[in-house]
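Keep in mind the model is a prediction, meaning the values are calculated, not measured. As the structure lists them, so they are numbered: ligands from 1, and atoms in each ligand from 1.
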Amino acid sequence: MKTKRLILMFTISSILFSCGKKEELYEVEIPESVYATEEEVDNSPTKVVAKDGSFKMKGLSFNYSDLEPNLDAQTIETHYSKHHLGYLEKLNELIKGTDLEEKSIEEILTSLDSEKKALINNAGGYYNHNLYWEVLTKEKEKTPTGKIAELINRDFGSFEAFKTQFKKAGLDVFGSGWVWLVLTENQNLKITTTVNQNNPLMSFETEKGYPLMNIDMWEHAYYLKYKNNKSDYIDNYFKRIDWDKVNYRIELKSN
Ligand code: MN
């Protein structure tokens with residue numbers, strides 16, 4: 001595609017040059033086919049493909065700029081194509097040739113012991129980001145409906161009360177970590193926090209549960225746009241939550 005553009009530019013320049021006198025310049029209509037389609041744009045999420053290995057990048061349900069102005073394109077692009085891809089590729093390297101290659105990511109996470117630091121960081125990093133992207137949407141300001149609305153009201157009193165607690169947990173994360181909404185064994189909602197790339201599926205975590213949604217509180221998730229203003233980052237994340245996806249995860253867990 002780039003080559004075609006260069007050839008076209010060269011052709012246009014040659015035409016302009018050959019016209020000689022300025023008043024003889026005329027516009028050249030660029031044929032439709034010259035423009036890149038969405039798939040061909042160099043920085044599309046579909047271009048992010050891991051080296052061969054057990055796990056793959058799952059793609060995004062939006063393009064990098066689709067969550068503007070709440071989450072900026074540059075942050076999402078770097079976050080997805082560098083940070084997330086990095087965790088995945090390290091995970092694939094770590095499990096290569098071991099029996100973990102045959103397991104699902106959830107099986108790996110639940111079976112890890114607390115000494116397996118590199119696997120915790122990279123299997124966690126892969127899973128945690130998959131969930132973060134899964135629950136974000138290009139639709140704006142959806143509100144909880146169905147089962148999740150019902151459970152939030154039952155367990156937190158109201159959506160506002162839930163949001164206040166979730167946000168406080170995010171503001172209280174010291175260093176790098178995540179805040180989670182999980183479904184506990186007793187089918188209750190609970191807000192939990194983990195450090196680094198740990199998550200509530202790991203057996204050694206004190207607060208366990210099945211992850212329904214999460215927010216990345218690592219600086220790479222917000223610093224470019226929000227600097228140290230975590231509060232605005234969390235508010236803007238809330239504007240892009242897909243509550244249908246959260247309901248889907250509740251379904252998954254109850255089946
Ligand atoms: Mn991250």
Below 30° counts as parallel, above 60° as perpendicular, anything between as tilted: where do the rings of [X] and [Y] land?
X    : Y    : answer
W178 : H129 : perpendicular
H84  : Y126 : tilted
H220 : H79  : perpendicular

**Asked** If you measure from CD on E102 to CD1 on I108, what distance do you get to the nearest 0.5 Å?
**Response** 10.0 Å
**Message:** Between N128 and Q197, is there a side-chain donor-acceptor contact under 3.5 Å, judged purely by atom types and distance?
**Reply:** yes
Donor-acceptor contacts, no H, no angles, side chain residues 225-236, under 3.5 Å, sequence neighbours left out:
unit_1, atom_1, unit_2, atom_2, d
K225, NZ, P69, O, 3.1
Y226, OH, N70, O, 2.5
Y226, OH, N236, ND2, 3.2
K227, NZ, L224, O, 2.8
N229, OD1, S231, N, 3.4
N229, OD1, D232, N, 3.1
N229, ND2, D232, OD2, 3.0
K230, NZ, V173, O, 3.0
S231, OG, K167, NZ, 2.9
Y233, OH, Y132, OH, 2.8
Y233, OH, D216, O, 2.7
D235, OD1, K167, NZ, 3.0
D235, OD2, K167, NZ, 3.1
N236, OD1, N70, ND2, 2.7
N236, ND2, D232, O, 2.8

**Under 2.8 Å from the Mn ion (ligand 1) - protein N/O/S, by chain and number** = H79 NE2, H129 NE2, D216 OD2, H220 NE2
